[in-house]
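Remarks on the structure that follows.
Convention: sequence-line order gives letters A, B, ...; per-chain numbering from 1. What's counted below: heavy atoms across the whole structure, side chains too, no hydrogens, waters or symmetry copies. Worth saying up front: this structure is predicted, and the values here are computed from it rather than measured.
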Amino acid sequence: MPTFVFPGKYESLAKIAELVQIATREFGLDSCAAYGVETAVDEACSNIIEHAYGGENKGEIEFSYEITANSLIITLRDQGKKFKPKKIEKPKTNVPLKHRSDHGLGLYFIHQWMDEVYYDNREGYNILTLIKHKGAMS
Amino acid sequence: MPTFVFPGKYESLAKIAELVQIATREFGLDSCAAYGVETAVDEACSNIIEHAYGGENKGEIEFSYEITANSLIITLRDQGKKFKPKKIEKPKTNVPLKHRSDHGLGLYFIHQWMDEVYYDNREGYNILTLIKHKGAMS
Amino acid sequence: MEINHTEFKRCDVVKVSGRVDSATAPRLAEKLNEIMDAGRYRIVLDLQDLDFISSAGLRVLIGAQKSCKRYNRGEVVLANVQPNILSALDLAGFTPFFKIFDDTVSAVGNF
Amino acid sequence: MEINHTEFKRCDVVKVSGRVDSATAPRLAEKLNEIMDAGRYRIVLDLQDLDFISSAGLRVLIGAQKSCKRYNRGEVVLANVQPNILSALDLAGFTPFFKIFDDTVSAVGNF
Ligand SMILES: Nc1ncnc2c1ncn2[C@@H]1O[C@H](COP(=O)(O)OP(=O)(O)O)[C@@H](O)[C@H]1O
Ligand SMILES: Nc1ncnc2c1ncn2[C@@H]1O[C@H](COP(=O)(O)OP(=O)(O)O)[C@@H](O)[C@H]1O
């Protein structure tokens, strides 16, 4: 299970995306599913930088992935502020443009695009596990 | 020297153009020179229909071509009104749009695009010979 | 010859493909007249796929340009003019009468 | 991310290529603000070569749309939206807020 460590800054996102593309290709996802996984990881890493670390260059992001017969399992670890959301709200979409909030999409995207999402905190680490199954819809 | 006979109507122009394309390709002209020959033949045939025959479906157009080492020689024959222009005028181009005539381009195009142009009348036929040299400019 | 006409807010795009010669030029003239008769005088001619234009076709273009420019009510502009077509326009001395754009987006954006 | 901006008579076309994520979204916001600060609120975003957009990028789009539509002074429209990008917009519930055109010509012609 290869592990990669990136500095917690936004420039790392494109590099992490390249790894995700390698992993989804290796796993054999179609373009749309692969795009979803790329989005989920991007949103999760952005949140680590912005919310867990409270800004750029405060800590590292560890990225690793594992491919099993039926699953692509991506793990993200950080040493930022403990985080474990209780409930993911669907952003209210039935509101006119000017009242439409443009925040809160990140977690929603993560949960929509991935099949399983687990939050854990252990030994000073936040551990986020993102799982995509083969052949599952969306 | 293959000869082709077409009814003197505008629909024949596209078919004659296909033959011209075969001939210019066989002769080895570049796209621009080939386009010029196609134009010259089209203008000549349009004139035969419009001016020599005075309209569509009055007579035939005979098209033939010959390729020599250095020349593509196209011959057009019709049995319409005798025609042998004395002098080809360059259309006046230095005039404002609203005074600009939109006629008289045909003969000018023929003489510009071809290297040699001969008009002859023999045995009730108008015989137009259009010659393009290899490697000549325009 | 094929003609594809799209009406936009401020102009019409007419894509002319194939051959415009004495056989087909009347149909092009008809289409352009139909547009002008509807009071629309800002016309983009997209010549991307125009293979051939004879003097009969050039005549249609210059005729439409004269109508469109009358009373300053509009203009015919050209887009995607291929090299051979450009040399025909040039030889006819018609290039000064038309704005020529590299692509249809710029031509539409010009109106 | 690469940004290509062309100013036309009645609208601006902004072609955004590559990745719009938290690293690059601020540069896109800056470019759009610069256009709006010049009093130009009719913007076509050409997304033909956009490979990726995160929620940070979507935020920039919706922010620009809010500014442009204020006082009815204009609008952001999208062109050449690729399937993956469209599903992101869709999932965010943003598709109702943008006119989406098949190509840039139609988008420009809409203004
Ligand atoms: N990794 C994280 N660490 C701490 N807080 C987080 C983390 N991810 C998300 N959050 C919290 O959850 C909220 C919603 O996150 P998200 O849906 O990504 O939207 P946004 O980042 O636009 O606010 C954030 O505003 C933040 O308060
Ligand atoms: N094959 C022909 N037979 C008879 N008259 C011709 C022929 N070709 C050209 N002409 C005459 O020469 C004139 C100029 O021809 P051309 O340059 O092709 O322009 P246009 O056909 O637009 O008038 C014609 O108007 C016609 O009077």
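Contact annotation for B:E43: only side-chain heavy atoms (C-beta onward) come within less than 4.5 Å of a heavy atom of chain C. Contact annotation for B:V41: neither backbone nor side-chain heavy atoms come within less than 4.5 Å of a heavy atom of chain C. Heavy atoms closer than 4.5 Å to chain B are found nowhere in C:L61, neither backbone nor side chain. Contacts of B:E56 with chain C are absent, with no heavy-atom separation under 4.5 Å from either backbone or side chain. When heavy atoms are compared at a cutoff of 4.5 Å, C:R19 approaches chain B solely by way of its side chain, counted from C-beta outward.
With chain B as partner, the option from C:S87, C:A92, C:G93 having the largest number of non-hydrogen pairs under 4.5 angstrom is C:A92. Ranking B:I49, B:L105, B:L97 against chain C, the residue ahead of the rest is B:L97, based on heavy-atom pairs under 4.5 Å. Chain B forms more heavy-atom pairs under 4.5 Å with one residue of C:R70, C:K69, C:K66 than with any other, namely C:K66.
At a cut-off of 3.5 Å, with distance as the only test, a side-chain donor of B:S31 or C:N84 sits close to an acceptor on the other residue. At a cut-off of 3.5 Å, with distance as the only test, a side-chain donor of B:Q21 or B:E38 sits close to an acceptor on the other residue. Side-chain contact, C:T95 with C:D90: a donor N or O sits under 3.5 Å from an acceptor N or O. Of the N and O atoms on the side chains of B:D42 and B:T39, not one donor lies less than 3.5 Å from an acceptor on the other residue.
In summary, C:K31 and C:E34 engage in a salt bridge, as defined by a charged side-chain N under 4.0 Å from a carboxylate O.
A tilted orientation is assigned to the rings of C:F52 and B:Y35, their planes being inclined by 30° to 60°.
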